[in-house]
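Everything on this sheet refers to the single structure shown next.
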Amino acid sequence: MEMKEREAPDAHFTVDKQNISLWPQEPPPKPDLSPFLRKPISLRVALICLSLVLVISIVLQAVFYPRLMDKILDVTSDAQILRGHVDNISTLGSVLEKDRGSVEKAEVQMWILNTSFSRMRSQILSLRISMKQASDQISVLTRNWEEVDSLSSKIPELQRDLDKSNTLNAKIQGLQISLENVNKLLQRQSDILEMMSRGWKYFRGNFYYFSHTPKTWYSAEQSCISRDAHLTSVTSESEQEFLYKSADGLPCWIGLTKAGIEGDWYWVDGTSFNKKQSERFWIPGEPNNTGNNEHCANIRVSSSRAWNDSSCDNKFPFICKRSYSQASP
Ligand SMILES: *[C@@H]1O[C@H](CO)[C@@H](O)[C@H](O)[C@H]1NC(C)=O
Ligand SMILES: *[C@@H]1O[C@H](CO)[C@@H](O)[C@H](O)[C@H]1NC(C)=O
Ligand SMILES: *[C@@H]1O[C@H](CO)[C@@H](O)[C@H](O)[C@H]1NC(C)=O
Ligand SMILES: *[C@@H]1O[C@H](CO)[C@@H](O)[C@H](O)[C@H]1NC(C)=O
Ligand SMILES: [Ca+2]
């Protein structure tokens, strides 16, 4: 405004100089009036503009102030929310800090789990291997079972064969027994022959030795013992007959003697003496115990009634007897 006011006199001055000729004399108020007369238009415009601006600004303020205030409030609340977030984040941070410990624990547990898992996996692997082996064995067993099946179809045939072989076996066993019997007989035969070659006679399961050397009864018994025998006993008619026939008429001591001077007769080889059954073997009138000194018996005559009692100190030939017991094969 001041610039405009200064320019105006300058311009007026130059105009004045130029127009000196045009307008020689003019009262001084005149130049004050002319700017005053031209200027009001621009001033008014400026004023109007200014007032317009003012109004507009006021209007704008009136219009935008509430919105602005709203914005500001929004910003404030946002800031608060942000602060809450920040707080929450910082608490989160501490929580996270706390959690890191538990995360490390969790890692350790994970590691433990992993190792146990690895172990489990290896166990599963070994289980799988064992399963494989088992299935192999099962297949082998199955094959074997098939073989057994095919074999079992042959069982009836085998059974027949077995039956045949069983009957054969029985026959073989029978033959074996016969063979053993034959063997026994042969053995017996050979034993008998052997004994006979040494001077023994065989009669119904016993060997008899007829000694022609006269001895007292006691010496005769000792001689028999040395031959693994005793003076003979007599228990049957047939034995009696065999003995007197074999004695060939010679008087021979037999194993019958008394227990003490007044004792009963007994057999020296342990056979029990049957007094009643033996009466038939004495010579009629014997035993008469001549001189109370006849305590030993002999076969005196060739008869079933052959026995006589004599003094034990008499010397006679004698008969030893040994029972034949075959050694088991
Ligand atoms: C902060 O956390 C609390 C509870 O954990 C929750 O109520 C609140 O809304 C959270 N604030 C923000 C801004 O997320
Ligand atoms: C688990 O253990 C195996 C070896 O045992 C390893 O290779 C693997 O990386 C481990 N995994 C983890 C998650 O630790
Ligand atoms: C015994 O018999 C014999 C002959 O038979 C006879 O010589 C003897 O006198 C008899 N002795 C007695 C005691 O009878
Ligand atoms: C019986 O024996 C005695 C004595 O040895 C004898 O004298 C007697 O003649 C015998 N008796 C008979 C019947 O031979
Ligand atoms: Ca007599």
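Because the structure is predicted, anything quoted here is derived from the model rather than measured. Each ligand, and each atom within it, is numbered from 1 in the order the structure gives.
- Under a cutoff of 6.0 Å and an axis angle of 45°, Arg300 and Trp307 do not form a cation-pi pair.
- Remark: at the Ca ion (ligand 5), atom OE1 from Glu294 and atom OE1 from Glu286 enclose 130°, rounded to the nearest 10 degrees.
- Within ligand 4, the atoms closer than 4.0 Å to a non-hydrogen atom of Glu286 are 11 (N), numbered from 1 in the order shown.
- Around the Ca ion (ligand 5), the angle linking Asp309 (OD1) with Asn288 (OD1) is 90°, rounded to 10 degrees.
- In summary, the side chains of Thr115 and Arg119 do not present any donor paired with an acceptor at a separation below 3.5 Å, with no hydrogens or angles considered.
- Judged as a side-chain hydrogen bond (donor to acceptor under 3.5 Å, both in side chains), not a single pair has a partner in residues 69-84 (not counting sequence neighbours).
- Taking 3.0 Å as the threshold, Asn289 does not count as a candidate ligand of the Ca ion (ligand 5), since none of its N, O or S atoms lies below it.
- Neither side chain, Gln173 nor Asn169, offers a donor N or O lying under 3.5 Å from an acceptor on the other.
- For ligand 4, the polar-atom distance check finds an N/O of Asn308 within less than 3.5 Å of one of the ligand's N/O atoms.
- Listed by first and then second residue, the side-chain hydrogen bond (donor to acceptor under 3.5 Å, both in side chains) pairs that reach into residues 144-158 come to none, sequence neighbours excluded.
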